> 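Take a look at this one; I'll ask things after.
Given the structure is predicted, the values throughout are model-derived calculations rather than measurements. Letters A, B, ... mirror the listed sequences (proteins, then strands); counts begin at 1.
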Amino acid sequence: ETGVTQTPRHLVMGMTNKKSLKCEQHLGHNAMYWYKQSAKKPLELMFVYNFKEQTENNSVPSRFSPECPNSSHLFLHLHTLQPEDSALYLCASSQAASGYEQYFGPGTRLTVT
Amino acid sequence: GENVEQHPSTLSVQEGDSAVIKCTYSDSASNYFPWYKQELGKRPQLIIDIRSNVGEKKDQRIAVTLNKTAKHFSLHITETQPEDSAVYFCAASSTGGFKTIFGAGTRLFVKA
């Protein structure tokens with residue numbers, strides 16, 4: 001696999017479930033991101049990790065919990081979500097946290113029932 | 001806080017016409033300005049970018065202009081084709097900074 005991959009591609013979960021989204025980049029980049037994309041906010045930054053350290057949390061509710069074990073992997077742990085959290089979740093990576101092109105994954109389409 | 005405003009939110013043009021999308025940014029430290037294209041059901045992908053040491057950059061039918069004094073930059077697409085139909089996002093960031101700020105996107109329709 002090349003570029004940025006995300007699994008699963010589709011996820012349906014109940015409000016009481018716990019699930020995780022996974023992102024992996026094969027580009028040797030040092031920064032990784034989570035974005036939420038919905039009709040209301042086309043590209044909403046959630047978290048930024050630079051060299052495995054979280055450098056940005058854009059006032060995201062605690063029911064979203066990111067984890068970055070190394071520069072190539074990024075997770076988003078989900079628990080007790082709300083229906084309004086249904087959206088496309090995009091992962092991206094770049095050479096550094098700012099000033100460089102971002103490479104996006106295909107996204108995970110999340111539906112909360 | 002830092003902000004990038006993008007206009008228009010929707011743009012409809014006839015095939016062969018030109019399309020222009022404009023963005024303004026607030027952080028004077030910004031020095032990198034990429035444009036991303038997102039086709040329906042696909043991921044956003046970079047189509048062109050410009051750094052603050054140049055005022056214009058072209059790549060075939062696509063060009064970007066930057067006015068640092070006015071803090072604004074624009075995407076120009078000439079001889080539009082139906083496959084140019086997509087959502088376009090502008091963004092601004094600074095080398096050594098901590099995040100990229102995206103505009104709200106422009107949905108471009110090219111009518112055949």
> Should B/Tyr88 and B/Val20 be counted in the same cluster of Ile, Leu, Val, Met, Phe, Trp and Tyr side chains packed under 4.5 Å apart?
no
> For B/Gln60, does the CD atom sit with more than 12 other heavy atoms under 6.0 Å from it, leaving out its own atoms?
no
> If I measure from the heavy atoms of chain B, does A/Glu101 come under 4.5 Å with its side chain, its backbone, both, or neither?
both
> Are more than 12 heavy atoms from other residues, nucleotides or ligands located less than 6.0 Å from atom CD of B/Glu79?
no
> Is there a path of hydrophobic side-chain contacts, each under 4.5 Å between heavy atoms of I/L/V/M/F/W/Y residues, joining A/Met32 to A/Phe47?
yes
> Once you round to the nearest 0.5 Å, how far does CG of A/Leu90 lie from CD of B/Gln38?
6.5 Å
> Compute both the distance and the angle, then confirm whether B/Arg43 meets the cation-pi test with A/Tyr35: under 6.0 Å from the six-membered ring centre, within 45 degrees of the axis.
no
> Take atom NZ in B/Lys71; do more than 12 heavy atoms of anything else shown fall under 6.0 Å from it?
yes
> Counting only non-hydrogen atoms closer than 4.5 Å, does A/Glu44 touch chain B with its backbone (N, CA, C, O), its side chain (CB onward), both, or neither?
neither
> Same hydrophobic cluster for B/Leu75 and B/Val87, using side-chain heavy-atom links shorter than 4.5 Å among ILVMFWY?
no
> Identify which of A/Gly105, A/Ala31, A/Ala96 forms the greatest number of heavy-atom pairs closer than 4.5 Å to chain B.
A/Gly105
> Mind checking the CZ-CD spacing from B/Phe102 to A/Gln102? Nearest 0.5 Å is all I need.
4.5 Å
> Hey, any chance B/Ile62 and B/Trp35 share a hydrophobic cluster, counting ILVMFWY side chains that come within less than 4.5 Å of each other, even indirectly?
yes
> To the nearest 0.5 Å, tell me how far B/Thr100 OG1 sits from A/Leu45 CG.
8.5 Å
> In this structure, would A/Phe64 and A/Phe75 fall into the same cluster of hydrophobic residues linked by side-chain contacts under 4.5 Å?
no
> Rounded to the nearest 0.5 Å, what separates atom CG in B/Leu46 from atom OH in A/Tyr103?
7.5 Å
> Do B/Lys42 and A/Phe104 come within less than 4.5 Å of each other through their side chains, counting heavy atoms only?
no
> With only heavy atoms counted, which part of B/Phe33 is less than 4.5 Å from chain A, the side chain, the backbone, both or neither?
neither
> Among B/Ala104, B/Gly97, B/Gly105, B/Pro44, which has the most heavy-atom pairs under 4.5 Å with chain A?
B/Pro44
> Counting heavy-atom pairs under 4.5 Å to chain B, which of A/Leu43, A/Thr55, A/Val48 comes out on top?
A/Leu43
> Decide if atom NZ of B/Lys68 counts as having more than 12 heavy atoms of other residues, nucleotides or ligands within a radius under 6.0 Å.
yes
> Which pair of heavy atoms, one from B/Ser94 and one from A/Ser98, lies closest together, and at what distance?
O-OG, 2.5 Å
> Given a strict heavy-atom distance threshold of 4.5 Å, which part of A/Tyr33 is in contact with chain B: side chain, backbone, both, or neither?
neither
